[in-house]
Novice: 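Take this structure, written in structure tokens, and hold onto it; I'll ask about it next.
Remember, predicted model here, so these are calculated numbers, not experimental data. Order of the sequence lines fixes the chain letters, A, B, ..., with proteins taken first and strands second; residue numbering starts at 1 for each chain.
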Protein chains: 2
Amino acid sequence: MGEARRPYRREPSERRRDDLIAAALAVMAEAGPGAMTVRTIAERAGISAGLIRHHFRSKEDLIRAAFAAMMDRMTETTRQVAEHHPGNPQQAIAALVSSSLRPPVMEPERIGQWAGFLNLVRQDPVMRDLHEAAYLKYRDMLQAHIQQLPGKEDPRLARHLAIACNGVIDGLWLEGGTLPHSFAPGEVERIGLSAVSSLLGIDLLAGFERE
Amino acid sequence: MGEARRPYRREPSERRRDDLIAAALAVMAEAGPGAMTVRTIAERAGISAGLIRHHFRSKEDLIRAAFAAMMDRMTETTRQVAEHHPGNPQQAIAALVSSSLRPPVMEPERIGQWAGFLNLVRQDPVMRDLHEAAYLKYRDMLQAHIQQLPGKEDPRLARHLAIACNGVIDGLWLEGGTLPHSFAPGEVERIGLSAVSSLLGIDLLAGFERE
DNA sequence: GGGCTTGTTATACGGTTGTATAACAACTGG
DNA sequence: CCAGTTGTTATACAACCGTATAACAAGCCC
């Protein structure tokens, strides 16, 4: 009985790295940081466990790359959403709030993924820098849109408002994603639009039903 | 060379349980969920590792008890803060916002502690129920105070406002605690008071400097 | 003060972890 | 079609995990 070795295909390193990053993010989202072992991630990526350390210097290295990819994707998505409304800061902000408080952004798996990395951020300086840079980038985009609103040109005022808006978006995202069945469908999104409207003194709910 | 066994004192079970819960919370806050091993927690509590399973049925049981203790403490603290302003909903809300956005509530260790448990909440139904109950209790307290404000008596309106206020408080707590050096001292607290003022149409910053 | 209860320490055990290494085979270039 | 490179699998290893168990001793009761 010859014990057959598993057949395989050779792939370029970049492809394997991408697959491993995707697998790591999926495992984090579905099963949390406790399941982030090299064997589980490798199985998810469809390769053997030892291969991870052929494409990444260590497990920690893979996790950092996965975290960076997640943060990149989030800010890029946000940028694209707001980009659809050039020269219209009000609609850009409304689109940004709505996309943040709807699936697939506001979902239990996303919260789990984000929370799972948050622990590691606290103890790894590299990840802390990645996290801070992504947060500030997001907030700066928000502030830039707010500054385009009439009467909100003062950067200090716009900064405060951006922090507050970012806070309410994050907080609602967290509540809605953690306790999905405590809210009616679309309720969190409506509350978010209403709250940001109050903060900025505008009306983001005007064309809401039509979207 | 007789290998001396470590001397010890016998303690009532309740005392040992409390010590172990305190040790577990400290380890979670300082080193994250990755450090939550029976050996680390026991060492932190000053006892041998095996003793944990003499006072708790399993490690999971201890973690659940620690989580419940943390949530209880948080809601109890909040309740006491607001209680100092009976019949004055505006000041009660202001005190609640301020205490949430200041040390020792808004601190990196608290965020880490909370985020560490959040992962476990997603996969343990018992912890999920504890979490949901605590969240709703907190939000109901907030809603009760809001409903006492003039013009905010409608429960549906007050509910929406409570969700939004809770969101902005949570979001700012998260931002301020995660990136403490991105904000000036007291800045997050001021922004929080200002934001909740906008949401509720009142002025919580009136007597701020005097406090 | 001498047994007795039981809280406590210490050790053992199977399983899992990240990492290191050796054997193998898929593709490349000629 | 064959040698060489190297991506890949498989296995080994020390450390650590949660749990189980045995030996011990601190404090209580009579």
Novice: Heavy-atom count around R73(A) CZ within 6.0 Å, excluding the residue itself: above 12?
Specialist: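 No, because the 6.0 Å sphere around CZ of R73(A) holds 12 heavy atoms or fewer from other groups.
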
Novice: May I have the distance from L51(B) (atom CG) to dG18(D) (atom P), rounded to whole angstrom?
Specialist: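 Checked: the CG to P distance equals 15 Å.
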
Novice: Does S58(A) reach a base, just sugar-phosphate, or nothing at all? Heavy atoms under 4.0 Å.
Specialist: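 Sugar-phosphate, no base atom in range.
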
Novice: Once you round it to whole Å, what is the distance between P of dG18(C) and CD1 of I52(A)?
Specialist: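 My rounded result for the distance is 8 Å.
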
Novice: Any side-chain heavy atom of Y138(B) within less than 4.5 Å of one from I169(B)?
Specialist: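 Counting from C-beta outward, Y138(B) and I169(B) do come under 4.5 Å.
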
Novice: For residues F56(A) and V38(A), determine if any side-chain heavy atom of one lies less than 4.5 Å from a side-chain heavy atom of the other.
Specialist: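 Not touching, per the 4.5 Å side-chain cut-off.
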
Novice: Which listed nucleotide (dT9(D), dT19(C), dG7(C)) is nearest to the side chain of H54(B)?
Specialist: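 Nucleotide nearest to H54(B)'s side chain: dG7(C).
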
Novice: Reading nucleotides 22-30 of chain D from the 5' end, what letters show protein touch, with B for base, S for backbone sugar-phosphate only, - for no heavy atom under 4.0 Å?
Specialist: -BBBBS---

Novice: I'd like to know whether E43(B) forms a salt bridge (Lys or Arg N to Asp or Glu O under 4.0 Å) with R39(B), so could you lay out the CA-CA distance, the side-chain angles of the two residues, the decisive distance to 0.1 Å, and finally the verdict.
Specialist: CA-CA 6 Å; E43(B) 187 185 18; R39(B) 287 166 179 84; over 6 Å; no

Novice: Among the candidates dA20(D), dT8(D), dT9(C), find the nucleotide nearest to the side-chain atoms of R53(B).
Specialist: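 My answer, after comparing the listed nucleotides, is dA20(D).
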
Novice: Rounded to the Å, how far apart are F56(A) CZ and dG18(C) P?
Specialist: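 These atoms are roughly 15 Å apart.
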
Novice: If I take atom CZ in residue R39(B) and atom P in nucleotide dA10(C), what distance separates them, rounded to the nearest angstrom?
Specialist: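 Atom CZ in R39(B) sits about 13 Å away from atom P in dA10(C).
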
Novice: Expressed in angstrom and rounded to an integer, what is the separation of L62(B) atom CG from dT19(D) atom P?
Specialist: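 Rounded to the whole Å, the gap is 10 Å.
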
Novice: Please evaluate residues Q80(A) and E76(A) with respect to the criterion side chain to side chain donor-acceptor pair (under 3.5 Å), reporting the C-alpha separation (whole Å), side-chain torsions for both, the decisive distance (0.1 Å), and the verdict.
Specialist: CA-CA 6 Å; Q80(A) 286 181 5; E76(A) 180 57 19; 3.1 Å; yes

Novice: Determine whether L51(A) and H54(A) make a side-chain contact, defined as any pair of heavy atoms from C-beta on separated by less than 4.5 Å.
Specialist: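 L51(A) vs H54(A): side chains touch.
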
Novice: Considering heavy-atom distances to DNA chain D, does T40(B) or A49(A) have its closest nucleotide positioned more toward the 5' end?
Specialist: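 Final value for this comparison: A49(A).
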
Novice: Below 4.0 angstrom, which residues in residues 15-38 of chain A have at least one non-hydrogen atom near DNA chain C?
Specialist: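 Output list: M36(A), T37(A), V38(A).
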
Novice: Taking C-beta and beyond as the side chain, do I111(B) and L118(A) meet within less than 4.5 Å on heavy atoms?
Specialist: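 Sidechains of L118(A) and I111(B): in contact.
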
Novice: What's the NZ-P distance between K59(B) and dC17(D), to the nearest Å?
Specialist: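 To the nearest whole Å, that distance equals 9 Å.
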
Novice: In whole Å, what is the span from the CD atom of E11(B) to the P atom of dT6(C)?
Specialist: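 Those two atoms, CD and P, are 17 Å apart.
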
Novice: Do the non-hydrogen side-chain atoms of E109(A) and R122(B) ever get within less than 4.5 Å of each other?
Specialist: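 A side-chain contact under 4.5 Å exists here.
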
Novice: Please give, in whole Å, the distance from dA10(D) P to I47(A) CD1?
Specialist: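 After rounding, the gap between these two atoms is 12 Å.
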
Novice: So F67(A) and F117(A), would you call those rings parallel, tilted or perpendicular, with 30° and 60° as cut-offs?
Specialist: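 Taking F117(A) first and then F67(A), their aromatic rings sit tilted (interplane angle of 30° to 60°).
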
